[in-house]
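Heads up, the thing below is written out as structure tokens.
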Amino acid sequence: MFQKLTKEQIEKRYDCAKAQFKALGVDTDAALDKLEQVPVSLHCWQGDDVRGFEVHDTTVSGGGIMATGNYSGPATDAPMLRQDAEKAMSLIPGKLRFNLHAIYAETDGQVVGRDQLAPQHFAKWMDWSKKRGVSLDFNPTFFAHPKANDGYTLSHADDDIRRFWINHDKCCRRIAEAMGRNQGNPCIVNHWIPDGAKDQPVDRLSPRRRLVAALEDIFAEPIDPAFCKDAVESKLFGIGSEDYVVGSHEFYMGYAMTHKQMLCLDMGHFHPTETIHDKLSSIFCFKDELLLHVSRGVRWDSDHVVILNDDIRNLFLQLVRGGFLSKTNIALDFFDGSINRIGAWVIGTRATKKGILNALLEPTQMLMDFENNGDGAMKLALLEELKTYPVGAVWDMFCLKNNVPEGAAWIDEMIAYDREVIKKR
Ligand code: RNT
Ligand code: ZN
């Protein structure tokens, strides 16, 4: 349906674009080399609407997040999820990592408590990661569990429940360390704790104090930092925790500034019109590493598939302009169950990488000179003109180099996989 360009066509278009960018002092070859080096962590949970494969003996739900949509054929076991992820990966150019949650453990049909999880339950994932040369990242799962049903986990007032979750997180960091050792680079562990209240808790302090103490306990474990690096993710509100989230932005900003763990900024975790790009230069005044959850909130923290909108463009422009790109771990966090899930993965990841490329192609020095000389109109004019510069031709070259369909050509592969695999499930 979508005509593929020939190699010659892609090269010809690239050469024109290259000359056009060169006139602004931008080296497109160098930008492509840099883009090649930036890994994006593909989140496993787009493949199955954050369900996981845990064997439960009771009903579970909650955690303040919810995937919506009934598109057919979500992955229902780990081999299927790996197969779908491989399909998506084959349509995404450049380096990827793969991001797992504890609920994606493979326990051979056994009920294994979250406080009992161990590296062996992720052995198949680790083998797969090694075979594919894709490093793993990891997340403890503090939701969809009977012990999370009243909305509190690590900050719970009950000592036993809190202890259970502390132990769960400790297991997860040991699993991450094993993953890191297996892949020869640190596994990034993101700690997102959904705890909060629907309506006006009178005591907003005690849960926060308990959360600090629980985190101190968890991070006191001797885990090799060469193989496991931790981040803490803030949030404004969730479904069922509209009024109060223990781990708010101020909470984790304070925590990260006084501890060595990274801050994780999720694009959907702020007030509906609040964006994160202006936060980066502030954070990097005090921290030297960051984790991002690249997402798209539509009116709320809805986790829509990422597209190349202004938020994404501004985000990566700030990272590149500040020299923060190599200090930022880029992970994706969206889940849409209403459309082809492989398509969702590919759309969001390609958009993210296009955002990075767009920033790498900016003639930043020229713009800065205009700014420093007080040439505001020149700066604004060039920023506007750049929006229609041929970034797409450079992107297509990136696809060609990585042996991935350029332009819209990948859509045909998505449709074929949908027909041959997904619809037959
Ligand atoms: C939830 C957080 C969190 C989750 C994943 C599944 O609001 O963004 O990062 O989406 O851990
Ligand atoms: Zn997130």
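Reckoned from all heavy atoms, side chains included, excluding hydrogens, waters and symmetry mates. In this text, all values refer to a predicted model and were calculated from it rather than measured experimentally. Note that ligands are numbered from 1 as they come in the structure, with each ligand's atoms numbered from 1 the same way.
- Evaluated for a ring pair (Phe, Tyr, Trp, His ring centres under 6.0 Å) with H191, the options F142, Y255, F219 yield exactly one hit, F219.
- Among the backbone and side-chain atoms of C264, no N/O/S atom is found under 2.8 Å from the Zn ion (ligand 2).
- Checking D303 against the Zn ion (ligand 2), every N/O/S atom stays at or beyond the 2.8 Å cut-off.
- Remark: K401 is not positioned above the aromatic ring of Y14, lacking an NZ or CZ atom under 6.0 angstrom from the ring centre and at most 45 degrees off the axis.
- Within D333, the N/O/S atom positioned nearest the Zn ion (ligand 2) carries the name OD2.
- Within a 6.0 Å radius of NZ in K260, other residues, nucleotides and ligands contribute 12 heavy atoms or fewer.
- Ring pair F98/W345 is tilted by interplanar angle, where 30° to 60° counts as tilted.
- Looking at E233 and the Zn ion (ligand 2) together, the shortest N, O or S contact belongs to OE2.
- Considering F122, F138, F143 as possible partners of H101, the one that fulfils the ring pair (Phe, Tyr, Trp, His ring centres under 6.0 Å) test is F143.
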Requested in this report: Let me see the working for Y71 and D49 under side-chain hydrogen bond (donor to acceptor under 3.5 Å, both in side chains), right down to the final yes or no.
Outcome: CA-CA 10 Å; Y71 197 83; D49 311 340; over 6 Å; no
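- Screening T107, D108, V112 against V55 for a side chain to side chain contact (heavy atoms under 4.5 Å, CB included) leaves a single residue, T107.
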Contacts table for ligand 1: protein N or O within a distance under 3.5 Å of ligand N or O, distances only.
unit_1, atom_1, unit_2, atom_2, d
ligand 1, 7 (O), K235, NZ, 2.6
ligand 1, 7 (O), H269, NE2, 2.9
ligand 1, 8 (O), E233, OE2, 3.0
ligand 1, 8 (O), D266, OD2, 2.9
ligand 1, 8 (O), H269, NE2, 2.9
ligand 1, 8 (O), D333, OD2, 2.7
ligand 1, 9 (O), E233, OE1, 2.7
ligand 1, 9 (O), E233, OE2, 3.2
ligand 1, 9 (O), H293, ND1, 3.2
ligand 1, 9 (O), D333, OD2, 3.0
ligand 1, 10 (O), D333, OD1, 3.0
ligand 1, 10 (O), D333, OD2, 2.8
ligand 1, 11 (O), H101, NE2, 2.8

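- Atoms OD2 of D266 and ND1 of H293, as seen from the Zn ion (ligand 2), are separated by an angle of 110°, to the nearest 10°.
- A side-chain donor-acceptor contact under 3.5 Å links H156 and D150.
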